[in-house]
Amino acid sequence: MTKVANILLINGPNLNLLGLREPNTYGKQTLPELIAHLEQVAKTLQINISHTQHNGEGQIVDAIHAAKETQQGIIINAGAYTHTSIAIRDALAGVTIPFIEVHISNVYKREPFRHYSYLSDQAIGVIAGLGVYGYEAALNFFNQYFME
Ligand code: CA2
């Protein structure tokens, strides 16, 4: 049985505001609370999760590049860059690390500009509209994806 060791969670712009603004759209849990919960879940799954949040596009590109040697999977909520960033798409494609795209809100119920993602066709899968549970679902998916 092979087990994935390292999963990187990347959150993009403004997600540092989780739990502090717009609770109707993004919920009441703060980012530190969410990360603490995901670390607990990862521990039970014997997965190492690390987390990084960046407001800058280039910082996200750098984080993806840095993951190349050490991470077996990426969970990414690229925030608004999802809908605009060829650079993040190219970085993910360039490192060839399997990734899951997560959105807290159901982007398809929202403005049309949120319906297109530059990342989705490169992803293993996309989770949208499950609230912050989407991150945990992605972690659970990786747990069984890497079992042989
Ligand atoms: O639903 C998602 O997770 C999004 O990726 C969130 C992005 C948005 O641009 C995407 O279309 C969908 C926005 C993140 C903003 O996060 C905030 C959290 C709390 C308060 C304000 C903003």
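Atoms considered below: every heavy atom in the structure, side chains included; atoms not considered: hydrogens, waters and symmetry mates. Counting from 1, the numbers follow the sequence of the chain as shown. Just so you know, ligand 1 is whichever comes first in the structure, and atom 1 is the first atom listed for that ligand.
Note: Tyr116 and Tyr118 have perpendicular aromatic rings, judged against thresholds of 30 and 60 degrees for the angle between ring planes.
Among protein residues, Pro13, Asn14, Leu15, Leu17, Leu18, Arg21, Glu22, Tyr26, Asn77, Gly79, Ala80, His83, His103, Ile104, Ser105, Val107, Arg114 come within 4.0 Å of ligand 1, judged on heavy atoms.
No side-chain heavy atom of Tyr26 sits less than 4.5 Å from a side-chain heavy atom of Leu17.
Through side-chain heavy atoms spaced under 4.5 Å, either directly or across other Ile, Leu, Val, Met, Phe, Trp or Tyr residues, Val107 is tied to Tyr108.
Considering every non-hydrogen atom in both Asn55 and Gly12, the closest pair reads OD1-O, 4.3 Å.
Looking only at distances, a side-chain donor or acceptor of Thr82 sits under 3.5 Å from a matching main-chain atom of Gly79.
Side chains of Glu101 and Ser117: a donor on one and an acceptor on the other come within 3.5 Å.
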